[in-house]
Amino acid sequence: MAKYQNQARQLLDAIGGKANIQAVSHCMTRMRFVLADPSQADETAIQAIGCVKGTFTQAGQFQVIIGNDVAEFYKDFTACAGIEGVRKDAVQSAAKAHQNPLQRIMGALGEIFAPIIPALICGGLVLGFRNLIGEVDLLNGRTQSLAGVSQFWAGMYSFLWLIGEAIFHFLPVGITWSITKKMGTTQILGIVLGLTLISPQLLNGFSVATTPAGEIPVWDFGFAQVQMIGYQGQVVAAMLAGFVLVYLEKFFRTICPEVIRMVVVPFCALVPAVFIAHTIVGPIGWQIGDWIAGIVNLGLNANFKLVFAALFGLFYAPIVMTGLHHMTNAIDSQLVNTYHGTNLWPMIALSNIAQGSAVLAMAVLQRRNERAQQVNLPACISCYLGVTEPALFGVNLKYGFPLVCGMIGSACAAMISIGTGVVAVSIGVGGLPGILSIYPEYWRNFLLATAVAIVVPFALTYLVGRRKLAAAAAPQAMAAPADAASNGADPGAAGGSAAAAADVLYAICDGRTLPLTAVPDEVFSQGVMGQGMAFEPSGGTIYAPADAQVTVVMADTKHACGLALDSGVELLIHVGIDTVDMHGDGFELFVREGERVQKGDKLITFSPDKIAAAGHPKTTVFVVTEPANRQHLTFHTGIDAQHGQTVCAELQ
């Protein structure tokens, strides 16, 4: 009998039977279901199954956490249910049917803009620096700029425009490429389409407003004329054109014989797409983009702008947690290209700072709680640098009141920012470095708003937290010795025969070590898979932490593997969060199941750039899924580690 046959039957019954399963696949630790009726799944019964460690629903998928044996369980389940599994991308496609239209739109926007954001951030910093050296009079009694008195800085001012123009004027190329990449069509056709939107033969889009209608060049087809207008900096028009190309290519792929597909499909897709882009969707997209930018700009500059700012500052952090914040990237880009700046982005940076300040107050309140500090300090630093997820999910949402205090501080800071007219040159780095993307003449105002974003959340969180955490102080103090023992902190545990039998695990990569609770994935951060830690890699290689046998690998996605030590301890290494969606792109696996490895052997290589381009964190999880007879587990977090040299864990 198969190992998991009984548990598989129990899960099949509890999940609503075969008829309730639309699609099923698995990743390194979880079964991923798309259910016809999620309400039929009996979560209580499922969690009572012996091999099940938990359940949760995410992005339309009902996920059942199994652990390292998920591949074997999956085989037994599909055999028992009499169904065939599908690829993970097919599961994701089926899951989208359970998302409402707004969720699907936001998800698509996020996937389109994720690969472009690094360039936008870089462009914002470049233009901010360019304005500082060429537009701000700092010298000779504040009458001349650096570029005005120095040939070097004058040359630098001119040179930096090369980068700024490439990023923002030619943005349609990046958008059309990203759409074809996301939709799985020919990416070079997307690039060519984008280039036709910003061709030098066309009137520059930024000059259209100042050019008399009679002087705009046209294509004359005899029966009709089409204005030769470029779409430099246009977001919506480029997106519409990109989707026209994608669906034309998919249509002609289905009707064209394979023997001539390479010749016919690109021609039949690209030529009509370019024509439609310049005659129909381009002008429509231009108008839609102007309307969106105009409405937002009205809200940010009208008599009720302070109310608008307060609401945006108040609710931006919860919006981030839902993923709907991706819409702001498109709006910010449109504002920049329409009004040569955005006053939306400064409020986003201030919201990051406010949530980080709430975490800073928690760090002060819990300064004697070493375990809490392992989460608080890294989360605070990352939040101040613009990455809010560890703070939001690891601290503020967990306790509740820091999130609310951060929201209040963000609202106050946003009103100051809008009330004093702060404008950013573009999207930039979030958090404290956000000042680099602000026009220099608004730095003083932005610093005032930043001070409010720091002081108000910190003070509110500290005052509320002193009262809320006081009741828990005594129980925490009593639990401290037991907690230290469970984590191997007892000094006496290091000696004697126990130390001789301990498993010593070395760093699996170069980088900063993090507590497991800082991982932006609830299955890992809540310890469902077991105790462990995480790494923020500085390189792209994962190494064996000790002599071990490879027990499981994800041969198709190559992003994770399991190891078993001679003592019976089982480990899981998972590179990145949700990187299963990348289907192995950017990963290479160097071991096979059943193979013996030595400490320091290469296990996996990965591309941090490709992980970032796919919109995923590169945070790598290192978990003890089966502690065997080890009672004391010690993990060293908050340190800089080197693979094969730094001891990151001791199991006794």
Side-chain angles (χ1 to χ4, degrees), residues 121 124-125 127-129 131-133 135-138 142 145 296-297 299-317 320 328 332 335-336 339-361 363-364 380-388 391 396 402-464:
I121 291 175
L125 293 177
L127 292 184
F129 182 64
N131 284 329
L132 177 62
I133 64 177
E135 305 294 337
V136 181
D137 295 331
L138 300 172
R142 302 182 68 86
S145 66
V296 175
N297 192 60
L300 294 171
N301 293 281
N303 293 332
F304 54 86
K305 63 184 179 182
L306 293 182
V307 176
F308 184 97
L311 292 174
F312 184 88
L314 185 68
F315 291 110
Y316 183 73
V320 170
T328 63
D332 264 317
L335 286 172
V336 168
Y339 300 103
H340 307 292
T342 170
N343 39 16
L344 194 65
W345 173 256
M347 294 192 293
I348 293 174
L350 291 168
S351 177
N352 296 343
I353 295 169
Q355 291 298 323
S357 300
V359 178
L360 181 62
V364 173
C380 178
I381 293 171
S382 67
C383 205
Y384 276 152
L385 294 177
V387 181
T388 57
N396 294 353
L403 174 65
V404 176
C405 294
M407 291 165 60
I408 294 172
S410 173
C412 296
M415 287 191 291
I416 293 174
S417 178
I418 292 300
T420 59
V422 175
V423 179
V425 66
S426 171
I427 294 174
V429 180
L432 293 174
I435 192 171
L436 299 176
S437 64
I438 306 297
Y439 279 108
E441 57 264 37
Y442 299 112
W443 278 5
R444 183 178 300 175
N445 298 340
F446 185 76
L447 287 173
L448 175 61
T450 298
V452 171
I454 293 173
V455 173
V456 172
F458 182 91
L460 291 177
T461 303
Y462 186 81
L463 293 174
V464 175

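Numbers here simply count residues along the sequence, with the first being 1.
- Interatomic distance, Thr461 OG1 to Ile408 CD1, rounded to the nearest 0.5 Å: 9.0 Å.
- A pairwise comparison of heavy atoms in Ile454 and Tyr384 identifies CG2-OH, 4.3 Å as the closest pair.
- Here the CG-CE distance, from Leu314 to Met415, works out to 9.5 Å after rounding to the nearest 0.5 Å.
- The minimum heavy-atom distance between Val464 and Cys405, with the atom names listed, is CG2-SG, 4.4 Å.
- Shown are Ile435, Asn445, Val422, Val423; of these, the side-chain contact (heavy atoms from CB on, under 4.5 Å) with Pro346 is made only by Val422.
- Taken to the nearest 0.5 Å, the CG atom of Leu350 stands 7.0 Å off from the OG atom of Ser410.
- Ile418 and Asn343 make their closest contact through CD1-O, 3.6 Å (heavy atoms, listed as atom of the first residue, atom of the second, distance).
- Between Thr420 and Ile416, the closest heavy-atom pair is OG1-O, 2.7 Å.
- Shortest non-hydrogen contact noted between Ser357 and Ala453 is OG-O, 3.2 Å.
- Under a 3.5 Å cut-off, the side chain of Thr450 and the backbone N or O of Phe446 do form a donor-acceptor pair.
- Between Phe308 and Phe312, the ring planes lie parallel to each other; the angle is under 30°, not in the 30° to 60° tilted range.
- Pairing each heavy atom of Gln355 with each of Leu403, the nearest pair is NE2-O, 3.4 Å.
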